[in-house]
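Written below as structure tokens is the structure these notes are about.
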Protein chains: 2
Amino acid sequence: MGRIKGAKPSGSVTSHDVARLAKVSQATVSRVLRDDPRVRPQTRERVLKVLAETRYEPNAAARAFRAGRADSIGVVVARLSYQLYPAMLEAIGAQLARLGRRMIVWDSDHGGDAPAIRAFRQGVVDGVILTAATAESEFLREVNAEGSAVVLLNRTVADYASDQVSSDNLDGGRRVAEYLVACGRERIALIGGIPRASTIRDRERGFRKSLERLDRELPPHYYFRSETFSHASGEQAVTRLMELASPPDAIFCVNDVLAMGAMDGARARGARVPDDLWIVGYDDIEIASWGAYDLTTVRQPMELMVAQAIDLLLARIDQRDAPVRHKCLPNELVIRGSTARQTTPPSQPARKPRP
Amino acid sequence: MGRIKGAKPSGSVTSHDVARLAKVSQATVSRVLRDDPRVRPQTRERVLKVLAETRYEPNAAARAFRAGRADSIGVVVARLSYQLYPAMLEAIGAQLARLGRRMIVWDSDHGGDAPAIRAFRQGVVDGVILTAATAESEFLREVNAEGSAVVLLNRTVADYASDQVSSDNLDGGRRVAEYLVACGRERIALIGGIPRASTIRDRERGFRKSLERLDRELPPHYYFRSETFSHASGEQAVTRLMELASPPDAIFCVNDVLAMGAMDGARARGARVPDDLWIVGYDDIEIASWGAYDLTTVRQPMELMVAQAIDLLLARIDQRDAPVRHKCLPNELVIRGSTARQTTPPSQPARKPRP
DNA sequence: GGTCATTTTGAATTCGTAGTCATTTCTTGT
DNA sequence: ACAAGAAATGACTACGAATTCAAAATGACC
């Protein structure tokens, strides 16, 4: 019981239906729904009763149409196979849900930014969080042209007029370099990646610059550029490095999966970590703490980054022409068993990188 | 240039604007947009030109309102930290994108099914894929009452009138049991979980039944019920099992993360895998193939399951009162280095489980 | 050149909600 | 008891796209 006879298929009860049943006008129903104080308690009561009985739900399309807002936020992600991104997505989803916003997700691996562009321009979403932007992104060009509500999360792209939130990847690279040198590592190698993403570029740059500042060199044969950021790629890279006449005694990998690949590859060739080889990753994905890897890595303040990104985005939705803001949050070096068996790690925060 | 003067903020060009500029009626613009053949090529040309110049995009809310469809599908996921689920989400997203549908994601860890219920009833989504349903789910009760467009993916809940797609978890459990027994394992243990999810329940049940059929026993002290399905939980479980006077020589873990935890825990206590202890997981998440674990596990036909789930859902959206369908797809045992160093594995498909 | 059929176009309408504005009902003070 | 003001309510409308139905334009044919 409690169902209304004659309701249209799929139970589409409208505010008019409710009004009729409660013997009030549709306007009054609308007022009750929106908690307008200008309704007599007695009337409100009656309407609420019918609302409950009919299990009325407002038509979202009509409401969005009328209000000009979708109450949805678009999120463009990439490579959900890399644990960092699901974690980020989870955080975004949780925080948006808390704010009463829905989350529409696009995977930039399947269609790039284009669907998100269109969705935004069609009003499907009120704003977009881009977690996978690169400088070549088509979306970013659009964004730059119009005054769209977009925030880049975990990416920075200079010259683009959108809000951006990232952690200090330059500084993260620096920390790793200083840590390895301070612990007496002699032959330090780097497994990097194609520099499309700003994160990767900055980590490498920060690492290199810091080595230079410490009068160390990163010889070309100690640098491997991975194409795919995959486990296999890390294995391949470490294999090359270990074939060298003088193999490295420490490797910084620009993300954790590369590091794990490198570790598995090194072990497969008989090397012990950390006795023979130190390995450092980046991101501190969940697996990094597991026994098999126990990986020293750099952790980004994910929840905070997400919170700030959402803050910026909602503010921009409210005010499209506000000045553009860039946020850059500090990282943390997490020292685990893949390094540091021989030397005591130095006190953490050395000096600031030059501005 | 190319921007239309006087257009409302955020470039909201309407079909009326386009009509005015192209000197046709709004109806004609609508016809061009929907590729109605009843437009003279010359007129169509003119309208298309203006559409391009104004960079018109239809208002999604108005369109959804009029059409009564949202062109969005809701997906309820849980525990994105477990790699299987991001992989599933990625597959769902890719396939939906190919079909021109958007994907709205809810995390059942933050709010359960309730937001998805409401979204469906408000017409925000045309249908919902539930990947994290349990028998206690509030949504399922709703679904059972109305004739909602919902499909359960990777879950089965008897007595509920919704379409369901899963793989044969009973049979997966059976395969593992038969494999371990055929390979001569003597003391076989099981690390299971709280039986809220049908998948876990079926894996355990299939495993137990198969052991019984082979005249083996699963003594209570060889069974550990994990609460959280976490790595730590696997470690804890294996620690208990290895403290036994007669520790097991093979452990089946109902998912891969438990198995990895068990493996790390076993190794931490000095056991070698597979020499001292075999470990089998379930799901074949990406990490399972990595060198550190090289885990024998059961693989589900994920892409296929997703495809079928979407098929069922779209069919149901078209026809709400069609008979309910349940699909159950076959699994595959993937044998890797965490087992099978000593014995040759038996020919794979033994016999079918009794119907 | 006129008639009829066909093609093409436009005016008007619909969808459900949330506003505006006008009207009715209630309350208060005298 | 009545007026004036306040409170509560209802009639009406807009939003943008798609559709219906009617009207206009075009084409074919004799």
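Each chain gets a letter, A, B and so on, in the order the sequences are listed, and its residues count up from 1.
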What is the separation between atom [atom1] on [X] and atom [atom2] on [N], rounded to the nearest whole Å?
X: D35(B); N: dA18(D); atom1: CG; atom2: C1'; answer: 14 Å
X: D71(B); N: dA18(D); atom1: CG; atom2: P; answer: 11 Å
X: N59(A); N: dC15(D); atom1: CG; atom2: P; answer: 19 Å
X: E57(B); N: dA17(D); atom1: CD; atom2: P; answer: 11 Å
X: L51(A); N: dG16(C); atom1: CG; atom2: P; answer: 16 Å
X: Q122(A); N: dA18(D); atom1: CD; atom2: P; answer: 11 Å

End-to-end axis angle, where each axis spans five pairs of the helix from dG1(C)-dC30(D) to dT30(C)-dA1(D), to 10°:
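Axis angle across the helix from dG1(C)-dC30(D) to dT30(C)-dA1(D), nearest 10°: 40°.
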Sequence neighbours excluded, every pair satisfying salt bridge (charged side-chain N to carboxylate O under 4.0 Å, His left out) that has a member inside residues 70-86 of chain B
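Salt bridge (charged side-chain N to carboxylate O under 4.0 Å, His left out) check on residues 70-86 of chain B returns R69(B)-D71(B).
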[Y] backbone acceptor or donor facing [X] side chain under 3.5 Å:
X: R38(A); Y: D36(A); result: no
X: R316(A); Y: A322(A); result: yes
X: D318(A); Y: A315(A); result: no
X: T131(A); Y: V76(A); result: yes

Would you say a side-chain N or O of S30(A) is under 4.0 Å from OP1 or OP2 of dA18(C)?
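Affirmative; the distance criterion is met.
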Ignoring backbone atoms, establish whether Y56(A) has a side-chain N or O less than 4.0 Å from OP1 or OP2 of dT17(C).
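Yes.
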Please enumerate all residues that pass salt bridge (Lys or Arg N to Asp or Glu O under 4.0 Å) together with K49(A), with sequence neighbours excluded.
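If we apply the salt bridge (Lys or Arg N to Asp or Glu O under 4.0 Å) test to K49(A), skipping adjacent residues, the hits are E53(A).
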Tabulate below the donor-acceptor pairs under 3.5 Å that side-chain atoms of residues 26-35 of chain A make, not counting sequence neighbours, or state none.
{"unit_1": "Q26(A)", "atom_1": "NE2", "unit_2": "S15(A)", "atom_2": "OG", "d": "3.4"}
{"unit_1": "T28(A)", "atom_1": "OG1", "unit_2": "S25(A)", "atom_2": "OG", "d": "3.2"}

Can you find a pair of side-chain heavy atoms, one from L21(A) and one from Y56(A), that are under 4.5 Å apart?
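No - every pair of side-chain heavy atoms lies 4.5 Å or more apart.
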Just list the side-chain donor-acceptor pairs under 3.5 Å for residues 303-312 of chain B, sequence neighbours left out, or say none.
{"unit_1": "E303(B)", "atom_1": "OE1", "unit_2": "Q95(B)", "atom_2": "NE2", "d": "3.0"}

Quick one: which of dC15(C), dT17(C), dG19(C) gets closest to the side chain of F65(B)?
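That would be dC15(C).
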Among dA17(D), dT17(C), dT19(D), the nucleotide that comes nearest once only the side chain of R34(B) is considered
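Output: dT19(D).
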How does each nucleotide of nucleotides 5-13 of chain D score, in 5' to 3' order, for protein heavy atoms under 4.0 Å: base (B), sugar-phosphate only (S), or none (-)?
---SBBB--
